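The next block holds one structure in the form of structure tokens; read it before the comments.
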Amino acid sequence: MSRPKSSTGSAAKKSEGTVAPSPNKSTFAANQERARQWLQQVLAAMGIPAVVRVVGEVLEIEASSLTPAQKQLLLAKAPPLPSPSSRDSPQEEDRSPVVLDALQYLANTLLNLNQPEDQQQPYILDLDGYRQRRLQELKVLVAAAVEKVRATGREYEFPDLSAAERRQIHTLLNDPAYADLETFSRGKEPDRRLVIRRAASPS
């Protein structure tokens, strides 16, 4: 069974690098409250009557409102897809939780559906600080990939990342310190891969 890919962008985005206009503060707050209620209803329908809070820009599922089994379900990671040639096999930390990512994908798709472009926004779902831990893991992956590409001159293909994580890495590498490198995506969902390589020399 293919793993749904998460998204922190709107359903209307044409590509991973496209950024929609941000809604104003009052619209953003109203959308976040609507998303909080939606998520609580979806979790309840799943038999997980969890408490959801809005914490800044994040919809936080309160870990204290979950049983250990419910928490394990939401944070369970998908089996690895076949590994790319650049690595022997994806490690556990290279993969993200399939249910949490699927819920985030649905939130971004359904809650932005038919919304005016200026009212569309990213929805980030978190549980027990997972997203911040994952960001640190992605930074480690990026550092290792950058080192390999610079040392060997060969491109590096990241394994099994969600759409949201691919965008995060695009953002991390959009820094003057990495001006010698470029990223692009290859393939189609559910096996779309992010690739980093040396940037082409200006003509």
Side-chain angles (χ1 to χ4, degrees), residues 1-11 13-20 56-58 72 74-105 107-109 122-203:
M1 180 175 176
S2 297
R3 171 165 77 89
K5 296 295 181 176
S6 68
S7 172
T8 58
S10 73
K13 289 183 180 179
K14 303 300 183 183
S15 68
E16 291 169 12
T18 303
V19 178
E57 298 183 354
V58 177
Q72 183 178 17
L74 291 174
L75 291 178
K77 297 188 177 184
L81 294 173
S83 60
S85 57
S86 57
R87 299 186 59 172
D88 294 330
S89 62
Q91 301 299 309
E92 176 73 8
E93 66 270 15
D94 294 344
R95 291 176 276 127
S96 55
V98 62
V99 177
L100 189 66
D101 275 3
L103 288 170
Q104 182 169 280
Y105 175 85
N108 280 279
T109 301
Y123 295 98
I124 303 171
L125 276 58
D126 200 7
L127 170 59
D128 203 24
Y130 169 78
R131 297 296 177 194
Q132 187 58 39
R133 294 195 303 274
R134 181 58 174 163
L135 177 60
Q136 297 309 311
E137 291 172 356
L138 290 177
K139 288 180 178 179
V140 171
L141 290 176
V142 166
V146 166
E147 183 178 356
K148 286 183 180 181
V149 172
R150 285 175 170 167
T152 66
R154 295 193 296 271
E155 67 178 31
Y156 179 91
E157 190 174 277
F158 291 92
D160 202 16
L161 298 174
S162 69
E165 290 172 342
R166 292 196 300 270
R167 276 194 295 275
Q168 281 184 297
I169 292 180
H170 278 301
T171 300
L172 289 172
L173 290 170
N174 189 26
D175 183 287
Y178 304 117
D180 59 317
L181 304 172
E182 62 183 8
T183 60
F184 65 95
S185 291
R186 171 186 293 150
K188 297 181 179 180
E189 302 290 9
D191 193 23
R192 191 164 172 80
R193 306 280 182 163
L194 178 66
V195 180
I196 177 175
R197 67 186 178 192
R198 285 184 176 175
S201 301
S203 54

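Please read these numbers as outputs of a predicted model, since none were measured by experiment. Heavy-atom basis, side chains included; hydrogens, waters and symmetry copies ignored.
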* What distance do R134 atom CZ and E165 atom CD have between them, rounded to the nearest 0.5 Å? -> 4.0 Å
* Taking atom CG of L75 and atom CG of D101, what is their separation to the nearest 0.5 Å? -> 10.0 Å
* Do you know which two heavy atoms are closest between L141 and F158, and how far apart they sit? -> O-CE2, 3.9 Å
* Straight-line distance of E147 CD to T152 OG1, nearest 0.5 Å -> 10.0 Å
* **Non-hydrogen atoms of D126 and R131 that approach each other most closely** => OD1-N, 2.9 Å
* Pick from R186, Q168, H170: which one makes a side-chain contact (heavy atoms from CB on, under 4.5 Å) with L194? -> H170
* Given V146, V142, V149, T183, the one that forms side-chain contact (heavy atoms from CB on, under 4.5 Å) with Y156 -> V149
* To do: Take atom CZ of R154 as the centre, draw a 6.0 Å sphere, and report whether it contains more than 12 heavy atoms from other residues, nucleotides or ligands.
  => no
* To do: Please report the shortest heavy-atom distance between R150 and A177, naming the atom on each side.
  => NH2-O, 2.8 Å
* Could you tell me the separation between the CG atom of L181 and the CZ atom of R198, rounded to the nearest 0.5 Å? => 8.5 Å
* At their closest point, which heavy atom of P97 faces which heavy atom of L74, and how far apart are they? -> CB-O, 3.6 Å
* Between Y123 and Q104, which heavy-atom pair has the shortest distance, and what is it? -> O-CG, 3.4 Å
* To do: Without swapping roles, check the side chain of N108 against the backbone of P122 for a donor-acceptor pair under 3.5 Å.
  => no
* Structure fact -> In terms of heavy-atom contacts, L100 and L127 come closest through CD2-N, 4.4 Å
* Asked: Hey, what do you get for CZ (R193) to CG (L161), rounding to the nearest 0.5 Å?
  -> 8.0 Å
